[in-house]
Engineer: 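Could you have a look at this structure, given as structure tokens, before my questions?
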Amino acid sequence: MRLEVNVTKNRTYKLGVTALLLSALLTAASQVFYASRVQNAHPFLFTGISFFLTACYFSFFARSQKETYRWKSSWQSLLKLNLSSVLAFMGFYFALKFIEPAIVSSLEMGLGPLFVIFLALMQREVIAKAQWGIAFGTLSACLLLVISVFNGVSGVQTNLDSSAILGLIASVACGLGAVLCTNYSNRLSGMGWTSSMILTHRLYGIIILSFIFTYNILFDYIFENILWILIVTVAGVLLPMYLLQKGIQYCETFLVMMSLCFVPVFTFLFQLFDPRISWSTTTLMGVVLLFILGVFSINIGEKQS
């Protein structure tokens with residue numbers, strides 16, 4: 001019986017890791033494409049349209065499952081998940097307008113493990129030495145990438161002005177938001193919420209704020225860009241979010257945040273095909289370091305599982 005439990009646990013762990021890696025691959029491809037399309041547009045035009053369509057899609061599946069919502073016991077976690085999603089996704093898409101995509105994803109994913117440890121310390125949990133080492137390693141990689149922006153040696157030639165600084169702040173903010181999203185999604189999963197139920201109701205804050213910022217130009221933008229918006233919504237938002245939710249369901253928070261360090265690697269490779277972005281050795285060094293730490297963390301998680 002114990003052997004069967006261990007085999008089942010190992011299978012679900014591998015399923016979770018596979019879902020996380022597929023999510024990272026699709027996310028990387030979509031963010032490079034998105035960054036190339038929004039240089040002359042409001043950064044929240046896409047978020048309002050895309051996340052509205054995503055919420056509608058998952059709402060259909062949530063209704064077909066006929067699960068009972070326990071609103072009284074879960075509304076606080078749901079509210080916090082919505083606020084965290086605003087921080088994660090709107091911060092992310094805002095940063096893509098001003099900063100190289102590989103650096104944005106690196107700061108978001110690379111700072112995640114450190115935020116996880118801070119939250120764990122606040123809850124008086126014991127932190128393994130390996131987790132401390134990985135967290136500070138990812139922090140070093142992130143600092144290298146920030147310095148590359150300040151020195152003008154990143155893939156996008158950025159002037160050190162208020163826009164670049166806001167882009168870096170938004171990148172850090174979305175890293176914190178991603179950790180909080182994972183935490184509150186785990187709580188809702190523990191309360192019996194399915195992936196479709198969570199994905200249906202976690203996007204209200206993003207949709208409302210996006211429409212408030214862009215209501216006067218929204219409809220003209222939709223008619224001119226509807227085709228690529230639909231493609232990126234399906235391949236770059238809907239599928240990655242579903243796969244990420246599955247990864248969150250089967251893996252612990254620290255492993256989720258570290259496995260997402262594959263996103264910068266995939267992003268760097270995809271952005272080589274974007275003529276707007278030039279080669280940056282410093283960016284490559286940062287994302288390779290994150291990749292190595294990500295592989296190391298996955299091996300640790302597999303041994304622990």
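Counting from 1, the numbers follow the sequence of the chain as shown.
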Engineer: According to a 4.5 Å side-chain heavy-atom criterion applied to Ile, Leu, Val, Met, Phe, Trp and Tyr, with indirect links allowed, do L230 and Y242 form part of one hydrophobic cluster?
Structural biologist: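 Looking at the clustering, Y242 is in the same group as L230.
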Engineer: Got a second to check how far C142's SG is from L289's CG, nearest 0.5 Å?
Structural biologist: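 The SG atom of C142 sits 9.0 Å away from the CG atom of L289.
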Engineer: As an exercise, state the distance from CG of L243 to CG of L26, rounded to the nearest 0.5 Å.
Structural biologist: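 One finds 6.5 Å between CG of L243 and CG of L26.
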Engineer: Is a side-chain donor or acceptor of T214 paired with a backbone partner of I217 at a separation under 3.5 angstrom?
Structural biologist: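 Not a single qualifying donor-acceptor pair exists.
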Engineer: Under 4.5 Å between side-chain heavy atoms, hopping through other hydrophobics if needed: is there a path connecting V237 to W228?
Structural biologist: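 Yes, same cluster.
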Engineer: Carefully, step by step, assess T200 and S59 under the rule side chain to side chain donor-acceptor pair (under 3.5 Å).
Structural biologist: CA-CA 5 Å; T200 298; S59 176; 5.0 Å; no
Engineer: Take M285 and L144, measure what side-chain contact (heavy atoms from CB on, under 4.5 Å) needs, and give me the verdict at the end.
Structural biologist: CA-CA 8 Å; M285 291 171 59; L144 176 65; 4.0 Å; yes
Engineer: To the nearest 0.5 Å, how far apart are CG in N186 and SG in C181?
Structural biologist: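 N186 atom CG to C181 atom SG measures 11.5 Å (nearest 0.5 Å).
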Engineer: Is the backbone of A19 close enough, under 3.5 Å, to the side chain of S23 for a donor and an acceptor to pair up by distance?
Structural biologist: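 Looks like no, no N/O pair under 3.5 Å.
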Engineer: Distance from L238 atom CG to L53 atom CG, nearest 0.5 Å?
Structural biologist: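 If we round to the nearest 0.5 Å, L238:CG and L53:CG are 9.0 Å apart.
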Engineer: Specify the closest pair of heavy atoms between A55 and L203, including all atoms of both residues, with the distance to one decimal.
Structural biologist: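 It is N-CD1, 4.0 Å.
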Engineer: Does S30 use its side chain to pair, donor to acceptor, with the backbone of T27 at less than 3.5 Å?
Structural biologist: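 Side chain of S30 to backbone of T27: a pair is present.
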Engineer: If you round to the nearest 0.5 Å, how far is CG of L22 from CG of L244?
Structural biologist: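 That separation rounds to 12.0 Å.
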Engineer: Restricting to non-hydrogen atoms, name the atom on F46 and the atom on T233 that form the minimum distance, rounded to 0.1 Å.
Structural biologist: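 Closest approach of F46 to T233: CE1-OG1, 4.2 Å.
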Engineer: Could you state the interatomic distance from CZ (R202) to OG (S77), rounded to the nearest 0.5 Å?
Structural biologist: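 Those atoms lie 13.0 Å apart.
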Engineer: Testing the basics here: between I207 and F52, what is the closest heavy-atom pair and its distance to 0.1 Å?
Structural biologist: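 Answer, listing the atom of I207 first, then F52: CD1-CA, 3.6 Å.
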Engineer: Give me the atom names and distance for the closest heavy-atom approach of A88 to C174.
Structural biologist: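 Distance-wise, the nearest heavy atoms are O-CB, 3.0 Å.
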Engineer: Using the rule that two of Ile, Leu, Val, Met, Phe, Trp, Tyr join whenever any of their side-chain heavy atoms come within less than 4.5 Å, decide whether L188 and W75 are in one cluster.
Structural biologist: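 Hydrophobic grouping puts L188 apart from W75.
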Engineer: Of the options V179, L81, L83, which is the one that meets Y184 in a side-chain contact (heavy atoms from CB on, under 4.5 Å)?
Structural biologist: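 One option only clears the test, and that one is L81.
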Engineer: Given side-chain contact (heavy atoms from CB on, under 4.5 Å), test T194 with I198 step by step and report yes or no.
Structural biologist: CA-CA 6 Å; T194 65; I198 294 173; over 6 Å; no
Engineer: What closest approach, in Å, do F266 and A28 show between heavy atoms, and which atom pair accounts for it?
Structural biologist: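 In this case the closest contact between F266 and A28 is CB-CB, 3.4 Å.
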Engineer: With distance as the sole test, does N225 use its side chain to make a donor-acceptor pair with the main-chain N or O of Y221 at under 3.5 Å?
Structural biologist: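 Judged by distance alone, yes, a pair lies under 3.5 Å.
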Engineer: Run the side-chain contact (heavy atoms from CB on, under 4.5 Å) test on F89 and M241 for me, step by step, so that the C-alpha distance in whole Å, both residues' side-chain angles and the decisive distance to 0.1 Å come before the verdict.
Structural biologist: CA-CA 11 Å; F89 288 102; M241 286 186 68; 4.3 Å; yes
Engineer: Out of T54, N82, L87, T47, which one pairs with I206 under the side-chain contact (heavy atoms from CB on, under 4.5 Å) rule?
Structural biologist: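 Checked T54, N82, L87, T47 against I206; only one passes side-chain contact (heavy atoms from CB on, under 4.5 Å): T47.
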Engineer: For the aromatic rings, using the six-membered ring if either is Trp, is the centroid distance between Y93 and F44 under 6.0 Å?
Structural biologist: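 No, the ring centres sit 6.0 Å or more apart.
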Engineer: Parallel under 30°, tilted from 30 to 60°, perpendicular over 60°: which one fits the rings of H201 and Y204?
Structural biologist: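 Ring orientation of H201 relative to Y204: perpendicular.
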Engineer: Which heavy atom of Q271 sits nearest to which heavy atom of F268, and what is that distance?
Structural biologist: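 Heavy atoms only, the tightest pair is CG-O, 3.2 Å.
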Engineer: Would F136 and L139 count as a side-chain contact (heavy atoms from CB on, under 4.5 Å) if you check the C-alpha gap in whole Å, the side-chain angles of each, and the deciding distance to 0.1 Å?
Structural biologist: CA-CA 5 Å; F136 281 109; L139 176 62; 4.1 Å; yes
